[in-house]
There are 4 protein chains.
Amino acid sequence: MALKLSFNTWAYSSYPSWLPAYTLEETIKRLARIGYDGIEIGAASPHAYPDFLSESRRKEIKNVLDGEGIALSSMLPAPSGGPCNNACSPYPEERRYTVDNYKKIVDLTAEWGGKTVLYIPGWTLFGTERREGWAWSAEALSEIAGHAAQYDITLAIEPTSYDSNLVDTGDHAIELMNEVGLPNVKLMFDTFHVLYRREVMTDYVYQMGADLAHIHISEENRMPPGHGRGDFESVMTALKEIDFTGYVTLEIGFDHRGAEPDWFAKEAFTWLKERA
Amino acid sequence: MALKLSFNTWAYSSYPSWLPAYTLEETIKRLARIGYDGIEIGAASPHAYPDFLSESRRKEIKNVLDGEGIALSSMLPAPSGGPCNNACSPYPEERRYTVDNYKKIVDLTAEWGGKTVLYIPGWTLFGTERREGWAWSAEALSEIAGHAAQYDITLAIEPTSYDSNLVDTGDHAIELMNEVGLPNVKLMFDTFHVLYRREVMTDYVYQMGADLAHIHISEENRMPPGHGRGDFESVMTALKEIDFTGYVTLEIGFDHRGAEPDWFAKEAFTWLKERA
Amino acid sequence: MALKLSFNTWAYSSYPSWLPAYTLEETIKRLARIGYDGIEIGAASPHAYPDFLSESRRKEIKNVLDGEGIALSSMLPAPSGGPCNNACSPYPEERRYTVDNYKKIVDLTAEWGGKTVLYIPGWTLFGTERREGWAWSAEALSEIAGHAAQYDITLAIEPTSYDSNLVDTGDHAIELMNEVGLPNVKLMFDTFHVLYRREVMTDYVYQMGADLAHIHISEENRMPPGHGRGDFESVMTALKEIDFTGYVTLEIGFDHRGAEPDWFAKEAFTWLKERA
Amino acid sequence: MALKLSFNTWAYSSYPSWLPAYTLEETIKRLARIGYDGIEIGAASPHAYPDFLSESRRKEIKNVLDGEGIALSSMLPAPSGGPCNNACSPYPEERRYTVDNYKKIVDLTAEWGGKTVLYIPGWTLFGTERREGWAWSAEALSEIAGHAAQYDITLAIEPTSYDSNLVDTGDHAIELMNEVGLPNVKLMFDTFHVLYRREVMTDYVYQMGADLAHIHISEENRMPPGHGRGDFESVMTALKEIDFTGYVTLEIGFDHRGAEPDWFAKEAFTWLKERA
């Protein structure tokens, strides 16, 4: 069975802080028409910040997804901005917000038919001991996963070495998964961060194996595969070897103004479809 | 009288999305000890997201500011992330949040003794007419400025051509100021955006003149003055010529991982102090 | 029906200020023989400055166009040089010249069988308020369009962010069109300027839609499509989706000495013909 | 006696085709206040296109020059744009315009107290024999110089290898001077064009010697001296050795958008003043 392809919405949503931006409806339609099986929706403004979505708008989006025949592969919060979303903050108010916000994202994912929410473990401020931040993050993850269990939704832990200091590697993610020890807490990785650490992408695939619930594909500089130094041929082969059933999800094209989202979506789709 | 110098906290706060980060207390102390007259505080996590600040923590921060003898030059929201802070969003929930969040920032500024809040006019999504976005932003600004009047706090409109599409130039900011027509709505500009537009920084100083309430200094790539092509000697001269009484505020060092905040703060301070 | 292709003459006419240059007759023949459906003629020396064209020479050029079977897709003035052609000049003599020169270009376009004249809204000098420049430009456009109506010639407003400060975006052009409110005032855009602004080219196509009367195709650095980062595949698709009936016109190869005009004309033709 | 310094106005006048631009009055004041002895005025819009200058405006400008105590070192036409100004055009209408436009520039120079007008010999189109273009240019120069004699104004022939094909070198200029054989036809050169040809700047100084009436100083890329590979120390020394009494005139900062004119004017002034 061919690998399923998905595309993350940041490039269409003015995140982290630039133009252009499209409505979520428009974004869903474009990705569906390019041929993607799934869409990964960033749970942030203007697309899908839970607090801003009325009942009717949630239904509207669900209808667009169904009408276009594209699945919600996954959701994730924006790890920055006003309230941030940092499970390792030294401030209890921020940690409380983070857990609550994740729960709302889980609810939204369920409502839109998704089964996967990404868990970004957060980062510590200077002055917080790593073990303390780790404990906060593990605690948050447990509570969120407990909430997600009712929907059969999985939390996939993502090591983010480029912009964090807590879970930087596959080993760290595995450690956290094991410590939390819940059946719906699994793993994922983003090739961008692996390349940033100068590690080997396929090592992550084989190491995570059956626990690999999700994957982000991106070259350095958030370019599509085929536009950089990464050996993505081997990544695709490795995913097939481990019988990966999740969505091969592109998280690209959002790191500098001037990127044309459709180009990234099409270019990556063409490259991956041939190898899926 | 010498020009007053201030430093923006993004570089110390993991914004937009990377490390390292320091507590606000630590940041205040470092900047005060380098010699800055003022500090510009980003009203975002982990430093100062209004919803997360308890009564006691607000007082604590005020005490640190007073104890270190450094003034709050200004505050501003993070224009991105989960709820964003976009006055031109097509969604009423987001616009409501934006105005309310600004009001809380105004309250916080008053509590910490500041007199200036930056107003970032926002950006339109594809499908929103510019005039419609403009009307929403003008309406938001009016409401916020009305709230700020009680504290004698000024809203300074910032053209942000690099990451918006509504108020890109000094002319646009002046138009918005005139349209709103309130005594506490004034102007500012960020040299980074002027350089991005390939315009002349001193033109903005002379054009805004007596209405220039605030200024952000940054080279291209968010480097300190003296590390690029910009003519900052002339900017300093022009500020003196128009009898600028606000804070010359550095907003630098936060656009890529690996920047050492103290280096930026010290390097810029040394360069500017000689010319202030 | 296939999209029609045209090529702008700057690269063959030593504009803005370098070699080599060919006569207009030679240029027409070369472009016709490459296969272009149309030619966009710059109304400037040495090709077609209206004041310098005798009755007999006008007929001669018309004969060459007819003989080679290539249509006049459009004309435009040179926005620089001695008298400039700036509708926003603070000097009434220059504004008068600009309107009169445009009228002569309109007459010439009619004589040579064309239906489209490009309107470049101009730029303000430091010290002119944007709104004042805007009013001058709108007034000029109204007068020119009034004159053009007798020939059923359309004026197409071009946003030129790279070298102006009045009409920088599609939104601005739409605002100007709406303000002037004449049936023969429509829109165009140049992909070069859209790329310079780091915006998305197809956004302009969809936004302008039925009002898009003309288009300039150019990569960054005035290179042909396929020689840069722009997603021109999507542009061609979008033009077909909106049933664009104008000329897809290349304005390339004229920004630095050393460009060989025929290479640009052929390279771009090959790339576009396959996708037209 | 120290060498006199002058600055050319292109960088302040949106020539060839970009922003920003200042009025001529503003430009005169800025250059005078930086310390320049003279100003070289481009006889083009928006500054000084002869046809657009009313009697009263001419007087106004004269008053500003006198009031600021800065001399008109020289004038020159813009060699491009609508009517161009090409003495070698194959079209008699354009050649007539060129001579007449030069005469008007000469009149204006006289009125504003100048003694030097630059003569740019023009360029031939493909199909014109060099000797034919040469004859046209020599004829034009004779007529212009004849007109200038009444005011004791000198025409200085400028080799412009970067953007012409007729008078590319010092030798060509000397040949043209000798052929015309009028006492008020002299020589000049622009170091930018010498560097472009990979020749030696001081060779031009010594070769032209007593006939050198004017000089343009510019690094490659129109940068100020000290910002490139050119040996300008030797140029200054050579000028003193030949007892040069003209204006050492900067023609820089106008070849790309984003240049801040004042920076170029100040940076070059500082460098040259020490060596003048």
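Each chain gets a letter, A, B and so on, in the order the sequences are listed, and its residues count up from 1. Bear in mind that the values here come from a model prediction, so they are computed numbers and not experimental data.
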Note to self: Let me confirm one number: the CG-OG1 distance from L166(B) to T169(C), rounded to the nearest 0.5 Å.
What the structure shows: 10.0 Å

Next item on the list: Mind checking ring-ring contact (aromatic ring centres under 6.0 Å, His included) for Y196(C) and listing every partner two or more places apart, or none if nothing turns up?
Entry: Y162(C)

Item checked: Sorted by number, residues from residues 122-133 of chain B in contact with chain C (heavy atoms, under 4.5 Å) -> F126(B), R130(B), R131(B)

Next item on the list: Please assess D168(B) against H172(C) for the test side-chain contact (heavy atoms from CB on, under 4.5 Å), listing each intermediate value before the final yes or no.
Entry: CA-CA 12 Å; D168(B) 279 6; H172(C) 299 158; 5.8 Å; no

Margin query: Using only non-hydrogen atoms and a strict under-4.5 angstrom cutoff, which residues of residues 205-241 of chain B touch chain C?
Written below: Y206(B), Q207(B)

Next item on the list: Please identify each residue that fulfils side chain to side chain contact (heavy atoms under 4.5 Å, CB included) with K4(B), with sequence neighbours left out.
Entry: D37(B), Y247(B)

Next item on the list: Starting at CZ of R198(C), measure out to CG of N165(B) and round the result to the nearest 0.5 Å.
Entry: 16.0 Å

